[in-house]
Amino acid sequence: MKPPPMPDSSTPDPRVVTVSPQSHRFLESINAWSFIPESRKVDFSGMNVWDYYGTGELLFPESHGWVVENIAIQSANMQRVQELDCVEVIAPTKVEEVRRKGEQVEVLLEGGKVLSSSLVIGSDGRESKTRKDLGIKAWRKSYPHMGLVCNVKVHGGITEAYQRFLSTGPIALLPLWEDFVSVVWSLPPLEAERVKNLPTNDFLSEINSAISNQAETQFPSSQSIHPPFISELGSDRFTFPYMLQQAESYVDPRVALIGDAAHTIHPMAGQGFNLGVYDAMNLAKVLCEGARVGKDPGDISTLLEYSNKAKAYNLAIAGFEQGMLYAYTDFKPLHYARNLHYSLISYLSPVRKLFVGVASGDYFAPGDLPWEKNY
């Protein structure tokens, strides 16, 4: 199988992810990061967050990360995998069934080929066939938002990330190369479709108003954040639904779920990709440590060590995001409570450090990466 081709180098793909320092560390540790062209990984330093009502704002100059197109990460990982003699890539193909057979799990592929293993890792997305075929239940809830994504242009580009919380949902601007900027705008479904279909000039007017209009407040504004002016649309606009979903269990005997197969969240914190990477890191760590002492990789006690940690941080992030969404209910006392909350975070150094540590993945990723010494 050939790696997915990189898109036309003149324009970035609108589907991007934010790569945290710990996710970057993982991609470096497996020698995949170097396969991403330098021009396609854009680092940023600083995160600016502010409220549409009042003077609430958060500035995190110490926060940093990278913005990378989905397809660039996919291509890099596939190129790295194809270097490994111990890995067989079977693609393109379709999985017909995932089933248990004695002490093994079998994967039936189209054409009748059967793969058998003592451990199957389901990393097959929100509608995971692995999860469904093996009877692992999941609960889900639709968010009141859809995502609208596109690329725009800002004269001179940006080097920081911006996020404004509006009454209709958050809007984020992430730096790409040259003058390109990635937009992730959360809107109610009908509003998302309306904005998606606006004539270009009307869209530019509306997005600039969303990030730059005067704060709704009954007291003087002293915000120090000055968002960029968007001058041009740089791609088509796309919309997609949001879903909160959690598997009731991330593991079962001889099965582990990671990434979207185990959990999905609102993209407001830019952590969806990173949470999946932390899953992979923590699962790989317990499997490497188990292999050193001869443990069966599919043993439930080994897998539970991964699951207990992964479920804790994933539920914590999902709960935090739900709290943020409830805080933006149109109830005036909440407006003032949010502004107080922003101020407390800004002035309390330990709280700021906690937020930066969460965004970086420092509290979720393992400290030791046992596979590093094998590369």
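Everything numeric in this text was worked out from a predicted model, so none of it was measured.
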**Request:** Indicate the atoms forming the closest heavy-atom contact of Ala32 with Ala76, along with that distance.
**Result:** O-CB, 3.5 Å

**Request:** For the pair Ser117 (side chain) and Val120 (backbone), establish whether a donor and an acceptor sit closer than 3.5 Å, ignoring hydrogens and angles.
**Result:** no

**Asked** Do the charged groups of Arg254 and Glu103 touch, with an N to O distance under 4.0 Å?
**Response** yes

**Message:** Take a 6.0 Å sphere around CZ of Arg194 and say whether it holds more than 12 heavy atoms from other residues, nucleotides or ligands.
**Reply:** yes

**Ionic contact status for Lys309 with Glu305, cut-off 4.0 Å** = no

**Request:** Please answer whether the main-chain N or O of Leu59 pairs with a side-chain N or O of Arg352 as donor and acceptor at a distance below 3.5 Å.
**Result:** yes

**Message:** Suppose clustering is done on Ile, Leu, Val, Met, Phe, Trp and Tyr with side-chain heavy atoms closer than 4.5 Å. Which residues sit in the same group as Leu283?
**Reply:** Leu119, Ile121, Tyr250, Val251, Ile258, Val286, Leu287, Ile300, Leu303, Leu304, Tyr306

**Message:** Side-chain heavy atoms nearer than 4.5 Å, only ILVMFWY residues, links allowed to pass through others: does that put Ile171 and Ile225 together?
**Reply:** yes

**Message:** A side-chain contact here means heavy atoms from C-beta on lying under 4.5 Å apart; do His145 and Met268 qualify?
**Reply:** no

**Request:** Mark yes or no for whether Asn151, through its side chain, and Pro12, through its backbone, hold a donor-acceptor pair below 3.5 Å.
**Result:** yes

**Asked** What distance do Gln79 atom CD and Ile36 atom CD1 have between them, rounded to the nearest 0.5 Å?
**Response** 9.5 Å

**Asked** Do the side chain of Ser360 and the main chain of Pro21 share a donor and acceptor less than 3.5 angstrom apart?
**Response** no

**Prompt:** Are Thr200 and Arg237 close enough that some pair of their side-chain heavy atoms sits under 4.5 Å apart?
**Reply:** yes

**Any residue meeting side-chain hydrogen bond (donor to acceptor under 3.5 Å, both in side chains) with Asp299, in chain and number order, not counting sequence neighbours** = Ser301

**Request:** Decide whether Tyr143 and Ser186 meet the rule of one side-chain donor and one side-chain acceptor closer than 3.5 Å.
**Result:** no

**Minimum heavy-atom distance between Leu233 and Cys150, given as atom pair plus value** = CD1-SG, 4.2 Å

**Asked** So, for Gly122 and Ala261, which heavy atoms are closest and what is the spacing to 0.1 Å?
**Response** O-CB, 3.4 Å

**Item:** Taking every non-hydrogen atom, the tightest pair across Asp179 and Gly156
**Value:** OD1-N, 3.3 Å

**Request:** Flag the pair Lys132 and Glu127 as a salt bridge only when some basic side-chain nitrogen lies within less than 4.0 angstrom of an acidic carboxylate oxygen.
**Result:** yes

**Asked** How long is the gap from NZ on Lys129 to CG on Asp133, to the nearest 0.5 Å?
**Response** 4.0 Å

**Prompt:** Under a 4.5 Å side-chain heavy-atom rule over Ile, Leu, Val, Met, Phe, Trp and Tyr, are Val184 and Phe320 clustered together?
**Reply:** yes

**Message:** For Phe229, is there any backbone N or O sitting under 3.5 Å from a side-chain donor or acceptor partner on Asn208?
**Reply:** no

**Message:** Tell me if a side-chain donor or acceptor on Glu110 pairs with a main-chain N or O of Lys94 at a distance below 3.5 Å.
**Reply:** yes

**Request:** Please test Arg99 against Val114 for side-chain contact (heavy atoms from CB on, under 4.5 Å), starting from the C-alpha separation and ending with a verdict.
**Result:** CA-CA 10 Å; Arg99 63 198 182 197; Val114 177; 4.0 Å; yes

**Asked** Would you say the side chain of Ile211 lies within less than 4.5 Å of the side chain of Tyr162, judging by non-hydrogen atoms?
**Response** no

**Message:** Less than 4.5 Å apart, side chain to side chain, heavy atoms only: is that true for Trp66 and Leu27?
**Reply:** no

**Asked** Are the side chains of Asn274 and Gln22 in touch, meaning some heavy atoms are under 4.5 Å apart?
**Response** no

**Request:** Report yes if the side chains of Ser29 and Met281 come closer than 4.5 Å at any heavy-atom pair, otherwise no.
**Result:** no

**Fill in**
In this structure, CD1 of Ile30 is separated from CG of Asn77 (nearest 0.5 Å) by 5.5 Å

**Request:** Rounded to the nearest 0.5 Å, what's the gap from CD on Glu28 to OG on Ser34? Could you check?
**Result:** 7.5 Å

**Request:** Check step by step if side-chain contact (heavy atoms from CB on, under 4.5 Å) holds for Val67 and Phe180.
**Result:** CA-CA 12 Å; Val67 182; Phe180 287 103; over 6 Å; no

**Fill in**
Only one of Lys137, Arg100, Arg131 passes salt bridge (charged side-chain N to carboxylate O under 4.0 Å, His left out) with Asp252, and that residue is Arg100

**Asked** Is there a donor-acceptor contact under 3.5 Å from the side chain of Thr168 to the main chain of Leu187?
**Response** no

**Item:** side-chain contact (heavy atoms from CB on, under 4.5 Å) assessment of Thr18 paired with Phe273
**Value:** CA-CA 7 Å; Thr18 303; Phe273 168 78; over 6 Å; no

**Message:** Donor-acceptor check, side chain of Asp124 to backbone of Thr130, threshold 3.5 angstrom: yes or no?
**Reply:** yes

**Asked** If you group Ile, Leu, Val, Met, Phe, Trp and Tyr by side-chain heavy-atom gaps below 4.5 Å, do Leu108 and Val105 land in one group?
**Response** no

**Request:** Kindly give the heavy-atom pair with the smallest separation between Leu174 and Ile158, and that separation in Å.
**Result:** C-CD1, 4.1 Å

**Message:** Check this for me: does any side-chain nitrogen of one of Glu372 and Arg25 sit under 4.0 Å from a carboxylate oxygen of the other?
**Reply:** no

**Message:** Looking at Ser116, is its backbone amide N or carbonyl O close enough to the side chain of Lys101 to form a donor-acceptor pair, meaning the two atoms are under 3.5 Å apart?
**Reply:** no

**Request:** Check the pair Glu206 / Trp185 against side-chain contact (heavy atoms from CB on, under 4.5 Å), numbers first and verdict last.
**Result:** CA-CA 12 Å; Glu206 193 141 338; Trp185 193 351; 4.2 Å; yes

**Request:** Could you tell me whether Glu83 and Arg80 have a side-chain N and a carboxylate O separated by less than 4.0 Å?
**Result:** yes

**Message:** Test of understanding: with ring pair (Phe, Tyr, Trp, His ring centres under 6.0 Å), list the residues that count as partners of Phe165, not counting sequence neighbours.
**Reply:** Tyr328

**Nearest-0.5 Å distance, CZ of residue Phe238 to NZ of residue Lys196** = 8.0 Å

**Message:** Please say yes or no: joined through hydrophobic side-chain contacts below 4.5 Å, possibly via intermediate residues, are Tyr363 and Met47 part of one cluster?
**Reply:** yes

**Prompt:** Is the shortest heavy-atom distance from the side chain of Pro228 to the side chain of Val181 under 4.5 Å?
**Reply:** no

**Message:** Give me the atom names and distance for the closest heavy-atom approach of Trp177 to Val42.
**Reply:** N-CG2, 3.5 Å

**Message:** I'd like to check Ile90 versus Lys113 (side-chain heavy atoms, cut-off strictly below 4.5 Å). Are they in contact?
**Reply:** yes

**Item:** ILVMFWY cluster, Leu190 and Val149 together (side-chain gap under 4.5 Å)
**Value:** no

**Request:** Give a yes or no on whether the backbone of Ile265 and the side-chain of Glu321 come within a donor-acceptor separation of less than 3.5 Å.
**Result:** no

**Distance in Å, Phe240 CZ paired with Arg15 CZ, rounded so as to fall on 0.5 Å steps** = 11.0 Å

